4 protein chains.
Amino acid sequence: MLLTIDIQDRRPIYQQVADGIRRLIAGGQIAEGQPLPPLRQLAADLGVNLNTIATAYRELQSDGLITVKHGSGATVSSRAAAKQSEDELRGPLRSALTDMVLSGMHRAQILSAVDDELRSLIQG
Amino acid sequence: MLLTIDIQDRRPIYQQVADGIRRLIAGGQIAEGQPLPPLRQLAADLGVNLNTIATAYRELQSDGLITVKHGSGATVSSRAAAKQSEDELRGPLRSALTDMVLSGMHRAQILSAVDDELRSLIQG
Amino acid sequence: MLLTIDIQDRRPIYQQVADGIRRLIAGGQIAEGQPLPPLRQLAADLGVNLNTIATAYRELQSDGLITVKHGSGATVSSRAAAKQSEDELRGPLRSALTDMVLSGMHRAQILSAVDDELRSLIQG
Amino acid sequence: MLLTIDIQDRRPIYQQVADGIRRLIAGGQIAEGQPLPPLRQLAADLGVNLNTIATAYRELQSDGLITVKHGSGATVSSRAAAKQSEDELRGPLRSALTDMVLSGMHRAQILSAVDDELRSLIQG
DNA sequence: GTGGTCTAGACCACG
DNA sequence: GTGGTCTAGACCACC
């Protein structure tokens, strides 16, 4: 499980964990139907409290990204279930690109950065 | 002063204000040496507490971005400092792209969306 | 045996099974004295653990709804007991209506939806 | 704050609290824009832990039902934000009605119960 | 003053 | 074994 938490990061730990898992799923490092590590194990691995991981799992579940079966662990549910409307997706994209433009980056540099990120997301 | 605050945004308000001003400076909308609005006025304009703006100004000052002179308000001290490092810009970009991938969008669709946004940003 | 289990359902699986059987009995689809499917078969049919079905049967037995005879399976003992009290039926109804009201539906719209559903339930 | 928690209830406490507040909002007992009680006060009133209430508030917030401003409490946000698609609302309604029909209630009895509940929800 | 998060540890429910 | 919930108490961040 390639997850790291960073205390300097302003996001709460449970959020970092949820985001990290989200990224792993997006990149295909964890395939649909595959199990996630048990709460307690992941908590021990990351050196955080069990409840912190439980909160992260709960968030992912309410997003429809994972399916939790009581007594038999959590698995990645269908990616389709996680669909958001394209409108909801555009907002964060526009915001990220705006900052890059305002920072003086040129079109080509931005496209290169996007390509770079997509490569690491999709190819893994 | 083109600043908006968004209650849904997870960032604290003072952070949104600081980030917004940083962006205005980076984009050249506020030139070096130019004065920033008085604390009280900005607070009134945005409908937030005075302390909130004060905290934002304090953050910008400790970043060396603005100079606060007691009795005569705050002025922009350095535009260069406002530039975000490419690393800081990457985070939001990655997050936005991750969500798009998770939603099942294909590489081509994402690139098209990026192109679309960039066009409206750069061309105007 | 018209039983379905829904992983998204917040009720535990054994509860869904018990509720489902209770409903079949209440509706007369399984008559008094008639046998229920063997534990193992039902477990296989639903693709769940044997213990899960056992727990469901145990609950039904302690409610006096079914009789389990060692070696010869379970049979329906009382149809009357399967009837839910009106109070128990009100809870889910209130919850469903609450959500509709919260969604902004007007009284007439809600009544129309109820009528719609009742028609398909009773006539069809 | 007309909220009660019932230990016999199978739902977790935080869920009962969230559902209860949802009902109060639906019925108009708490109007849009009005503040909710502070976490600590509600926790004390109900005799439960602060975290339990925090979990309930978090759920309501992620549903868009309330707006939480750090440092200045939680308020009821626009009811419109809580809208669910009619399809999502139909499922629970159908399930509740099905149980009533199977329990032997007649159409008139069911409609009367619906009317009864709607009256207490909308009129308050 | 407000809410948010985390820990430690306990106990329950499910399969 | 798995996840879920709750408590007590601490500390932080925001306004």
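Note that the coordinates shown come from a computational prediction; the quantities given were computed from them, not determined experimentally. Here is how names work: the chains are called A, B, and so on, in the same order as the sequence lines, proteins then strands, and each is numbered from 1.
Looking at L46(A) and L3(A), their side chains come closer than 4.5 Å, going by heavy atoms from C-beta outward.
Remark: R58(D) qualifies as a cation-pi partner of Y14(A) under the 6.0 Å distance and 45° angle criteria applied to the six-membered ring.
Residue S72(A) is the one, among S72(A) and A54(A), whose nearest nucleotide of DNA chain F lies closer to the 5' end (criterion: closest heavy atom). In terms of position on DNA chain F, the residue among V68(A) and G71(D) whose nearest nucleotide sits closer to the 5' end is V68(A). Mapping Q41(D) and R11(A) onto DNA chain E via the closest heavy atom, the residue that lands nearer the 5' end is Q41(D).
Between the P atom of dC14(E) and the CZ atom of R58(C) lies a distance of 11 Å, rounded to the nearest Å. In this entry the distance linking CD of E59(D) with C1' of dG4(E) reads 17 Å, nearest Å. For the pair I53(A) CD1 and dG9(E) C1', the interatomic distance rounds to 17 Å; values are reported in whole Å. The distance between atom CD of Q15(C) and atom P of dC14(E), rounded to the nearest whole Å, is 8 Å. Regarding L50(D), its CG atom lies at a distance of 14 Å from the P atom of dG1(E), rounded to whole Å. Summarising the geometry, the separation between CG on L39(A) and P on dA10(E) is reported as 18 Å, rounded to the nearest angstrom. The separation between Y57(C) atom OH and dG15(E) atom P is 16 Å, rounded to whole Å. Here dG15(E) presents its P atom at 8 Å from CG of N49(C), a figure rounded to the nearest Å.
Using a 4.0 Å cut-off, some side-chain N or O of T52(A) falls inside it from OP1 or OP2 of dT7(E). Remark: R10(A) is in phosphate contact with dC14(F), judged by side-chain N or O atoms under 4.0 Å from OP1 or OP2. A sub-4.0 Å separation between OP1 or OP2 of dT5(F) and a side-chain N or O of Y14(D) is present.
Here the side chain of H70(D) is nearest to one of dG4(E), dA8(E), dT7(F), namely dG4(E). When distances are taken from the side chain of P12(A) to each of dG3(F), dC6(F), dC6(E), the shortest belongs to dC6(E).
Taking 3.5 Å as the limit, the base of dG9(F) and the side chain of N51(D) contain a donor-acceptor pair of atoms between them. Taking 3.5 Å as the limit, the base of dG3(E) and the side chain of R40(D) contain a donor-acceptor pair of atoms between them.
Within the nucleic acid shown, V48(A) comes within 4.0 Å of sugar-phosphate atoms alone, with no base atom in reach, counting heavy atoms only. Here I13(C) lies in heavy-atom contact (under 4.0 Å) with sugar-phosphate atoms only.
For D63(D) (side chain) and L65(D) (main-chain N/O), no donor-acceptor pair under 3.5 Å exists by modelled atom type.
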Practice prompt. Just do the side chain to side chain contact (heavy atoms under 4.5 Å, CB included) check on R23(B) and T98(A) with the steps written out, would you?
Written response: CA-CA 9 Å; R23(B) 192 151 81 185; T98(A) 301; 4.3 Å; yes
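Pairing partner, dC14(E): dG1(F), with both Watson-Crick or wobble hydrogen-bond distances short of 3.5 Å. Under the Watson-Crick or G-U wobble criterion, with both distances below 3.5 Å, dC6(E) is paired with dG9(F).
Taking the charged nitrogens against the carboxylate oxygens, R90(B) and D87(B) have no contact shorter than 4.0 Å, which rules out a salt bridge. Ion pair D6(A)/R11(A) not flagged as a salt bridge, since none of the NZ, NE, NH1 or NH2 atoms sits closer than 4.0 Å to an Asp/Glu carboxylate oxygen.
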